[in-house]
> 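Okay, handing you the structure first.
Computed over heavy atoms, backbone and side chain alike; hydrogens, waters and symmetry mates excluded.
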Amino acid sequence: MLNVLLVDDEPYVLEGLSTMVDWAAYGFSVRTAANGEDALDIVKSIDPDLVITDIKMPCMDGIELIRLSQKQCHSTAEFIILSGYDDFSYAQQ
């Protein structure tokens, strides 16, 4: 089974992401985190196959989560960034 990590500081977004997709039907086990620091701890422990993260969060933003996951954890996960942020150039980092 593959592991997906959903990361967002908004509880309703996490709930929506968890339930909108039948993850098990696609072979995924789901973990969630409410901020980048907690997410990085999960990346260190399970090395997920897919991480879907918000870009703007307290403690650590999604860009930093991706950078540290790759640098410190040597993660091979695929990353998807979600954002309601209006400056796309920020996400392009």
Side-chain angles (χ1 to χ4, degrees):
M1 183 161 274
L2 300 170
N3 291 304
V4 62
L5 174 58
L6 307 174
V7 188
D8 202 296
D9 59 322
E10 296 291 334
Y12 292 117
V13 173
L14 276 182
E15 182 180 339
L17 289 171
S18 296
T19 58
M20 282 188 340
V21 175
D22 184 357
W23 293 104
Y26 294 102
F28 282 95
S29 172
V30 178
R31 297 281 301 266
T32 62
N35 62 61
E37 287 181 352
D38 291 345
L40 187 61
D41 288 339
I42 294 170
V43 169
K44 288 176 183 176
S45 68
I46 68 166
D47 190 23
D49 301 286
L50 174 63
V51 177
I52 300 176
T53 182
D54 188 10
I55 198 167
K56 295 287 277 184
M57 297 178 290
C59 304
M60 178 189 306
D61 67 22
I63 301 291
E64 186 71 0
L65 169 62
I66 293 168
R67 188 182 72 74
L68 291 176
S69 293
Q70 292 173 337
K71 184 176 181 180
Q72 290 181 0
C73 307
H74 307 288
S75 176
T76 58
E78 296 292 329
F79 290 89
I80 297 173
I81 298 172
L82 299 177
S83 180
Y85 196 59
D86 61 354
D87 184 2
F88 186 66
S89 64
Y90 181 70
Q92 288 178 310
Q93 293 181 43

> Name all residues meeting the side chain to side chain contact (heavy atoms under 4.5 Å, CB included) criterion together with D54; count only those two or more places apart in sequence or in a different chain, and write none if there are none.
D8, D9, M57
> Using the test side chain to side chain contact (heavy atoms under 4.5 Å, CB included), find all partners of E15 that sit at least two apart in sequence or belong to another chain.
Y12
> For A39 and V7, which heavy atoms make the closest approach, and how far apart are they?
CB-CG2, 3.6 Å
> So, taking the atom named CD1 in I63 and the one named NZ in K56, what distance separates them when rounded to the nearest 0.5 Å?
10.0 Å
> When you group the ILVMFWY residues by side-chain heavy-atom contacts below 4.5 Å and let the links chain together, are L40 and I52 in the same group?
no
> Just to verify, what does N3 make a side chain to side chain donor-acceptor pair (under 3.5 Å) with, not counting sequence neighbours?
none
> Does V51 share a hydrophobic cluster with I46, counting links as ILVMFWY side-chain heavy atoms below 4.5 Å and allowing steps through other members?
yes
> Could you tell me which residues satisfy side chain to side chain donor-acceptor pair (under 3.5 Å) with D49, sequence neighbours excluded, listed by chain and number?
none
> What about L14 and I42, same hydrophobic cluster or not, with Ile/Leu/Val/Met/Phe/Trp/Tyr joined at side-chain heavy-atom distances under 4.5 Å?
no
> Any non-hydrogen side-chain atom of L50 less than 4.5 Å from a side-chain atom of L2?
no
> Give me each pair satisfying side chain to side chain donor-acceptor pair (under 3.5 Å) with a member in residues 68-79, each pair once, sequence neighbours excluded.
D47-S75
> Show the numbers, then the answer: is there a side chain to side chain contact (heavy atoms under 4.5 Å, CB included) between D61 and I55?
CA-CA 6 Å; D61 67 22; I55 198 167; 5.6 Å; no
> Would L5 and F79 show up in the same hydrophobic cluster when neighbours are defined by side-chain heavy atoms closer than 4.5 Å?
yes
> Applying ring-ring contact (aromatic ring centres under 6.0 Å, His included) as the test, list every pair that has at least one member in residues 25-67; sequence neighbours left out.
W23-F28
> If you take all heavy atoms of L82 and L17, which pair is closest and at what distance?
CD1-CD1, 3.7 Å
> Can you find a pair of side-chain heavy atoms, one from P48 and one from V4, that are under 4.5 Å apart?
no
> Tell me whether I80 shares a hydrophobic cluster with L65, the cluster being built from Ile, Leu, Val, Met, Phe, Trp, Tyr side chains joined at under 4.5 Å.
no
> Per the side chain to side chain donor-acceptor pair (under 3.5 Å) rule, what does the pair list look like for residues 29-38, sequence neighbours excluded?
N35-D38
> With sequence neighbours left out, what residues match E64 under salt bridge (Lys or Arg N to Asp or Glu O under 4.0 Å)?
R67
